[in-house]
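In listed order, ligands and their atoms are each counted from 1. Note that the coordinates shown come from a computational prediction; the quantities given were computed from them, not determined experimentally. Sequential numbering from 1 along the given sequence is applied to the chain's residues.
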Amino acid sequence: MYCLGTSLLHPPFREINFSVIGQYVDYLVKEQGVKNIFVNGTTGEGLSLSISERRRVAEEWVTKGRNKLDQVVIHVGALSLKESQELAQHAAEIGADGIAVIAPFFLKPWNKDVLINFLKEVAAAAPALPFYYYHIPALTGVKIRAEEVLDGIQEKIPTFQGLKFSDTDLLDFAQCVDQNRQRQFAFLFGVDEQLLSALVMGATGAVGSTYNYLGKKTNQMLEAFERKDFSSALNHQFCIQRFINFVVKLGFGVSQTKAIMTLVSGIPMGPPRLPLQKASREFTDNAEAKLRSLDFLSFNDLKDGNLEACS
Ligand SMILES: CC(=O)N[C@@H]([C@@H](O)[C@H](O)[C@H](O)CO)[C@@H](O)CC(=O)C(=O)O
């Protein structure tokens with residue numbers, strides 16, 4: 001059984017609009033089949049929030065997701081170890097299902113042992129919570145291979161539960177899986193356009209931004225893969241890639257994800273925080289046309305005779 005999680009956006013962002021989180025939970029569960037949530041990560045601009053905002057966002061997701069969601073994992077990484085520990089402790093207090101931590105990215109750990117020492121101190125602040133290492137080297141600039149980080153990690157961090165791997169180095173990812181086959185780790189892949197390849201390498205789940213609005217489509221791919229219908233799985237992945245490839249060429253990131261999610265779900269996600277800039281109208285119009293042509297927005301008038309449709 002593969003589990004699909006999504007990285008969350010924050011609704012209206014100059015001041016966070018907590019009031020739409022309940023609606024957001026229902027949308028993900030009912031419309032996208034997504035029941036695992038990763039809060040305050042990259043897509044959620046977790047590092048652009050104040051500590052008190054991060055606490056409040058985590059509380060809202062845990063509360064509104066109760067009896068609806070399977071897992072709410074809170075990203076608690078921060079440059080300050082103390083703040084990270086405070087957030088880890090808070091996640092435990094509010095009843096989150098796990099915590100994740102990125103590598104500190106200003107004064108950086110220069111080798112694996114230093115990085116593990118940092119992660120260990122955070123994990124120790126929430127000794128009963130499953131701990132995930134969030135590997136995202138393109139954004140942190142910490143290039144220590146995940147394979148190295150995982151080597152012997154359980155001895156240092158007894159709560160270690162798994163890896164959230166947001167990188168395109170499939171050799172590194174596959175080595176993480178291969179070298180830890182005896183352990184029951186979760187291997188969550190975070191490059192949505194390459195998920196099928198990662199499933200072949202042993203990914204046990206996925207966390208990504210596009211599952212906010214392509215969760216249903218991705219679940220179809222996961223189901224096809226599980227029943228060993230690789231041809232259908234590949235068609236689904238190609239289809240998802242057609243969209244991601246299109247938006248990547250236009251310039252795609254957190255701001256654009258917010259615009260697309262607003263469009264698809266009807267839930268206002270608001271603008272991002274500085275230094276990010278709001279997606280342009282031109283981007284949104286083009287993305288909408290592409291979503292329609294692929295039948296990701298179910299508009300009946302487009303279904304007939306649409307050669308590009310993916311459903
Ligand atoms: C760099 C980045 O934002 N990567 C996204 C992907 O979902 C990405 O948007 C997608 O693969 C499209 O390239 C996720 O890995 C990030 C993520 O899971 C998070 O929000 O924490």
Asks: Consider ligand 1: state whether an atom of it lies below 4.0 angstrom from any non-hydrogen atom of Tyr211.
Replies: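 Flag not set, Tyr211 not near ligand 1.
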Asks: Who gets closest to atom 18 (O) of ligand 1 by heavy atom: Lys164, Glu193, Gln194?
Replies: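 Considering heavy atoms of Lys164, Glu193, Gln194, the nearest to atom 18 (O) of ligand 1 sits in Lys164.
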Asks: Does Phe230, at its CZ atom, have more than 12 non-hydrogen atoms belonging to other residues, nucleotides or ligands within less than 6.0 Å?
Replies: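 For Phe230, atom CZ is crowded (more than 12 foreign heavy atoms under 6.0 Å).
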Asks: Checking Tyr27 against Gln32: is there a side-chain donor and acceptor pair closer than 3.5 Å?
Replies: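 A donor-acceptor contact under 3.5 Å links the two side chains.
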Asks: Between Phe296 and Tyr213, is the ring centre distance below 6.0 Å?
Replies: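 No: the rings miss the under 6.0 Å criterion.
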Asks: I'd like to check whether Val191 has a polar contact with ligand 1, where a contact means an N/O of the residue lying under 3.5 Å from an N/O of the ligand.
Replies: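 No, since none of the N or O atoms of Val191 sits under 3.5 Å from an N or O of ligand 1.
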Asks: State the atoms of ligand 1, each with its element, that fall below the 4.0 Å cut-off from a heavy-atom position in Ser166.
Replies: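 So the atoms of ligand 1 that pass are 15 (O).
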Asks: Show which atoms of ligand 1 fall inside a sub-4.0 Å distance from at least one heavy-atom site of Phe252.
Replies: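 Heavy-atom distances to Phe252 below 4.0 Å select 12 (C).
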Asks: With a 3.5 Å distance limit and no angle check, can you tell me whether Thr262 reaches the backbone of Met269 through a side-chain donor-acceptor pair?
Replies: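 Judged by distance alone, yes, a pair lies under 3.5 Å.
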Asks: So, Asn212 and Tyr24: side-chain donor and acceptor under 3.5 Å apart, yes or no?
Replies: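 Side chains of Asn212 and Tyr24: pair found under 3.5 Å.
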Asks: Would you mind running through ligand 1 and noting each atom that sits below 4.0 Å from a heavy atom of Phe38?
Replies: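 Ligand 1 atoms under the 4.0 Å threshold to Phe38: 21 (O).
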Asks: Hey, do the aromatic rings of Phe160 and Tyr133 have their centres closer than 6.0 Å?
Replies: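 Between Tyr133 and Phe160, which both carry aromatic rings, the centre distance is not below 6.0 Å.
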Asks: Centre-to-centre under 6.0 Å for Phe38 and Tyr134, is that the case here?
Replies: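 When the ring centroids of Phe38 and Tyr134 are compared, they turn out to be within the sub-6.0 Å range.
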Asks: May I ask you to list the atoms of ligand 1 that are less than 4.0 angstrom from any heavy atom of Asp192?
Replies: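 Under 4.0 Å from Asp192, ligand 1 has these atoms: 6 (C), 7 (O), 10 (C), 11 (O).
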Asks: Quick one: which ligand 1 atoms are inside 4.0 Å of a heavy atom on Gly190?
Replies: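 Checking each atom against Gly190, I get 5 (C), 6 (C), 7 (O), 11 (O), 14 (C), 15 (O).
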Asks: For ligand 1, which atoms sit closer than 4.0 Å to a heavy atom of Tyr134?
Replies: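 Matching atoms, with element in brackets: 16 (C), 17 (C), 18 (O), 19 (C), 21 (O).
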Asks: Counting from 1, what ligand 1 atoms have a heavy atom of Gly41 closer than 4.0 Å?
Replies: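 Contacts of ligand 1 toward Gly41, numbered from 1: 21 (O).
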Asks: Any atom of ligand 1 sitting under 4.0 Å from a heavy atom of His75?
Replies: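 Under 4.0 Å: no for His75.
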Asks: Would you confirm whether the ring centroid of Phe187 sits within less than 6.0 angstrom of the ring centroid of Phe165?
Replies: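 Phe165 vs Phe187: aromatic centres not under 6.0 Å.
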